[in-house]
Amino acid sequence: MGFLDAILGRSKPVRPDLDELFALPSAAVTLQAAAGFEPTGLGSVCFASVEGATFSRIQEEARSLLDGSVEFTQDAYGYTWLLVRHPPEDVAGLVNDLHAVNTSLEEAGFGPQLLCSLAGFRDERQRSLALVYLYKRGTFYPFSPKEGGGEKRDNPLELQVRAMLGDDLTIEQDLARWFPVWGAPGL
């Protein structure tokens with residue numbers, strides 16, 4: 001950061017640290033013990049779609065790397081989601097796969113297209129919860145759609161989870177950046 005940037009109040013963007021994903025297994029234990037949320041074994045990576053041979057090769061590498069336990073879908077906004085499946089008790093394996101996919105995309109020059117990764121959880125009342133990693137911010141936030149359909153969030157639950165996981169994850173402090181991920185695979 002230069003002198004002029006400091007005077008004008010500009011700051012350098014945070015470099016994403018994909019190793020932050022490795023804190024998810026610890027957070028999963030905390031969620032289980034404190035709130036009864038169990039891992040679903042589902043996780044996903046969201047990125048802006050790009051065309052070309054290099055990107056197609058990356059998709060095929062992801063399929064072969066993850067032994068076919070991966071699905072690609074596109075949402076209504078044109079973003080691509082890569083869904084990874086693991087047994088619910090294998091949070092570490094899920095995180096390793098999410099990390100590998102993110103790293104592969106980043107190393108192939110598609111880092112700017114990466115948006116977020118998420119891991120899904122569910123409690124005994126069948127409430128859904130995702131821990132979302134914002135790639136460009138290097139932070140996590142909880143996302144919980146309200147039961148009963150529609151696009152409503154369970155804000156009290158999200159704030160409760162934020163308080164629970166403050167020691168486990170780097171939580172995004174700006175609530176305006178807690179973007180809804182309606183219909184995200186893995187949620």
Stepwise side chain to side chain contact (heavy atoms under 4.5 Å, CB included) check, Asp167 with Thr30: CA-CA 10 Å; Asp167 293 336; Thr30 301; over 6 Å; no
Output yes when a side-chain donor or acceptor of [X] lies under 3.5 Å from a complementary backbone atom of [Y], and no otherwise.
| X | Y | result |
| --- | --- | --- |
| Tyr133 | Val45 | no |
| Gln74 | Gly78 | yes |
| Asn102 | Leu98 | yes |
| Lys136 | Cys116 | no |

How many angstroms lie between atom [atom1] of [X] and atom [atom2] of [Y], to the nearest 0.5 angstrom?
| X | Y | atom1 | atom2 | value |
| --- | --- | --- | --- | --- |
| Ser144 | Lys152 | OG | NZ | 14.0 Å |
| Arg85 | Asp90 | CZ | CG | 14.5 Å |
| Arg162 | Ile171 | CZ | CD1 | 8.5 Å |
| Ser26 | Leu165 | OG | CG | 8.5 Å |

Are any of the side-chain heavy atoms of [X] and [Y] separated by less than 4.5 Å?
| X | Y | result |
| --- | --- | --- |
| Arg153 | Lys146 | no |
| Phe140 | Leu134 | no |
| Trp178 | Pro142 | yes |

Salt bridge present between Arg122 and Glu38 (N-O < 4.0 angstrom):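 No, no charged N to carboxylate O under 4.0 Å.
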Lys/Arg-Asp/Glu bridge criterion (N-O < 4.0 Å) met for Glu172, Arg137: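 Yes.
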Do [X] and [Y] sit in the same hydrophobic cluster, where Ile, Leu, Val, Met, Phe, Trp and Tyr count as joined when their side-chain heavy atoms come under 4.5 Å apart?
| X | Y | answer |
| --- | --- | --- |
| Leu83 | Leu118 | no |
| Leu94 | Val29 | no |
| Phe37 | Leu42 | no |
| Leu175 | Tyr141 | yes |
| Phe110 | Leu18 | yes |

Of all the heavy-atom pairs spanning [X] and [Y], show the shortest one and how long it is.
| X | Y | result |
| --- | --- | --- |
| Pro39 | Ala28 | CG-CB, 4.4 Å |
| Glu147 | Ser128 | OE2-N, 3.6 Å |
| Leu24 | Leu169 | N-CD2, 4.2 Å |
| Gly186 | Thr40 | O-OG1, 4.2 Å |
| Phe47 | Leu114 | CB-CA, 4.0 Å |
| Ser117 | Leu21 | CB-CD2, 4.4 Å |

Between Trp182 and Phe143, ring centroids under 6.0 Å: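 Ring-ring flag for Trp182/Phe143: true, centres closer than 6.0 Å.
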Intermediate values then yes/no, side chain to side chain contact (heavy atoms under 4.5 Å, CB included), Leu131 and Leu31: CA-CA 10 Å; Leu131 294 179; Leu31 269 178; 3.9 Å; yes
Candidate pair Thr80 and Leu82, rule side chain to side chain contact (heavy atoms under 4.5 Å, CB included), full reasoning: CA-CA 7 Å; Thr80 299; Leu82 178 143; 5.8 Å; no
Tyr135-Glu106 side chain donor-acceptor pair, cut-off 3.5 Å: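 Glu106 and Tyr135 do have a side-chain donor-acceptor pair below 3.5 Å.
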Residues Thr170 and Glu20: side-chain donor-acceptor under 3.5 angstrom: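 Glu20 and Thr170 do have a side-chain donor-acceptor pair below 3.5 Å.
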Flag if over 12 foreign heavy atoms under 6.0 Å of CD, Glu124: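 No - once you tally the heavy atoms of other residues, nucleotides and ligands closer than 6.0 Å, there are 12 at most.
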Side chain to side chain contact (heavy atoms under 4.5 Å, CB included) assessment of Glu71 paired with Trp81: CA-CA 8 Å; Glu71 299 170 28; Trp81 289 86; over 6 Å; no
